> 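Right, I'll just put the structure down here and ask away after.
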Amino acid sequence: MTAQPRFWKRFFDRPLSRREVIRAAATLGAASLPLLRGSALAQNAPGVPAPATPAPRSSLPADYVRRLPELPSAVIPAEVTARKGNQKVWPVLRGISIAQVEIPVGSWRATHLHTNTSELAVVLEGTARAGLQTPEREWLEVELGAGDCVYFPAGWPHWVRNTGDSVLRAYFNYGHEQPVTVEVQP
């Protein structure tokens, strides 16, 4: 049993160039786009050479790479240290930032909130308990271990406490290049 050629192959008898696809779409109207998309994809069918792609660079420009351990460490409340990869130290950032955080045994990242962004905390090493307060003022808590993540919506007070017997290491990721942090008094 021989395989039937695809509809576009029988209809067009050959793959179309991009220019031909655009011309056909203009002539046949918008209803033809699904059919033409299939024929355009055929350009990479067996026997049809793939378009040349530029050779990858051997390395990224320095503007796009930061080594968080090399950034200055800031002490935030309760002896917690953070190396902040935000737009202040990494001008190319747009719409995101990160902090490499270490929380000593028995300590915690005290209750705070961010007025302009949400936060995604990722535990790398250690164990923690995290809490967040809903808009209805209800506190929710969760136990975390290495590989676990917790999401804190923008404007919601939250905290992270080291519950283990070693330093808690985590990444705090933000949806803004320069997060605004407000400390909340308990």
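Throughout, residue positions are numbered sequentially from 1 according to the sequence presented. From a predicted model like this one, the values you see are computed outputs, not experimental measurements.
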> Which residue pairs pass the ring pair (Phe, Tyr, Trp, His ring centres under 6.0 Å) test when at least one of the two sits in residues 59-88, sequence neighbours left out?
none

> For Glu183, I'd like to know if atom CD has over 12 heavy atoms of other residues, nucleotides or ligands within 6.0 Å.
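Yes, enclosed.
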
> Can you list the steps and then say if Ile103 with Val160 is a side chain to side chain contact (heavy atoms under 4.5 Å, CB included)?
CA-CA 9 Å; Ile103 303 175; Val160 177; 4.0 Å; yes

> Check Val105 against Val167 and note the closest heavy-atom contact, atom names and distance.
CG2-N, 4.0 Å

> Whether the side chain of Asp148 engages the backbone of Ala128 through a donor-acceptor N/O pair (distance < 3.5 Å, no angle test) should be reported.
no

> Given the rule that I, L, V, M, F, W and Y join up when any side-chain heavy atoms are under 4.5 Å apart, are Leu140 and Phe152 in one cluster?
yes

> Identify the two heavy atoms, one from Val122 and one from Cys149, that lie closest to each other, and give their separation to 0.1 Å.
CG2-SG, 3.8 Å

> Go through the steps for His158 and Gln133 under the test side chain to side chain donor-acceptor pair (under 3.5 Å), then give the verdict.
CA-CA 6 Å; His158 57 277; Gln133 187 179 41; over 6 Å; no

> Do any N or O atoms from the side chain of Arg83 and from the backbone of Gln100 form a donor-acceptor pair under 3.5 angstrom?
no

> Could you go through Val89 and Leu71, starting from their C-alpha distance and side-chain angles, then the distance that decides it, and tell me whether this counts as side chain to side chain contact (heavy atoms under 4.5 Å, CB included)?
CA-CA 8 Å; Val89 298; Leu71 292 175; 4.2 Å; yes

> Can you find a heavy atom in the side chain of Tyr151 that is under 4.5 Å from one in the side chain of Ser118?
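When only atoms from C-beta onward are counted, Ser118 and Tyr151 do touch, with a gap below 4.5 Å.
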
> Report the distance from atom OH of Tyr174 to atom OG1 of Thr181, rounding to the nearest 0.5 Å.
6.0 Å

> Could you check Thr81 against Ile76 for side chain to side chain contact (heavy atoms under 4.5 Å, CB included), going step by step and ending with a plain yes or no?
CA-CA 6 Å; Thr81 59; Ile76 50 182; over 6 Å; no

> Can a donor-acceptor pair be found, under 3.5 Å and without considering hydrogens, that links the side chain of Gln87 to the backbone of Leu93?
yes

> Kindly work out whether a path of hydrophobic side-chain contacts (I/L/V/M/F/W/Y, heavy atoms less than 4.5 Å apart) joins Ile98 to Phe172.
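Not linked; separate clusters.
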
> Examine distances only and state if a side-chain atom of Ser97 and a backbone atom of Asn86 form a donor-acceptor pair shorter than 3.5 Å.
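No.
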
> Taking a hydrophobic cluster as the set of Ile, Leu, Val, Met, Phe, Trp and Tyr residues connected by side-chain heavy atoms closer than 4.5 Å, whether directly or through intermediates, do Leu144 and Leu120 fall within one such cluster?
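Per the 4.5 Å side-chain linkage, Leu144 and Leu120 are not co-clustered.
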
> Between Asn173 and Ile96, is any pair of side-chain heavy atoms under 4.5 Å apart?
no

> Tell me, do Val80 and Val75 make a side-chain contact under 4.5 Å, heavy atoms counted?
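No. Closest side-chain heavy atoms not under 4.5 Å.
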
> Which heavy atom of Pro157 sits nearest to which heavy atom of Gly155, and what is that distance?
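Looking at all heavy atoms of both residues, the closest pair is CD-O, 3.5 Å.
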
> Check the angle between the aromatic planes of Trp108 and Trp159 and answer parallel, tilted or perpendicular using the 30° and 60° thresholds.
perpendicular

> Please lay out, stage by stage, how Trp139 and Thr111 fare under the test side chain to side chain contact (heavy atoms under 4.5 Å, CB included).
CA-CA 12 Å; Trp139 279 100; Thr111 307; 3.9 Å; yes

> Please report the closest heavy-atom contact between Gly175 and Thr117, naming both atoms and the distance.
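The pair with the smallest heavy-atom distance is N-OG1, 2.7 Å.
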
> Under 6.0 Å between ring centres, would you say that holds for His114 and His176?
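Not close enough - the centres of the two rings lie 6.0 Å or further apart.
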
> What heavy-atom pair brings Leu168 and Asn162 nearest, and what distance separates the two atoms?
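Looking at all heavy atoms of both residues, the shortest contact is N-ND2, 3.2 Å.
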
> Excluding sequence neighbours, so at least two apart, what forms salt bridge (charged side-chain N to carboxylate O under 4.0 Å, His left out) with Glu102?
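Glu102 satisfies salt bridge (charged side-chain N to carboxylate O under 4.0 Å, His left out) with Arg169 only.
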
> State, yes or no, whether a side-chain contact exists between Leu68 and Tyr171 at a heavy-atom distance under 4.5 Å.
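Counting from C-beta outward, Leu68 and Tyr171 do come under 4.5 Å.
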
> Which pair of non-hydrogen atoms, one from Ala146 and one from Leu124, has the smallest distance, and what is that distance?
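Nearest pair, atom of Ala146 first, then Leu124: CB-O, 3.5 Å.
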
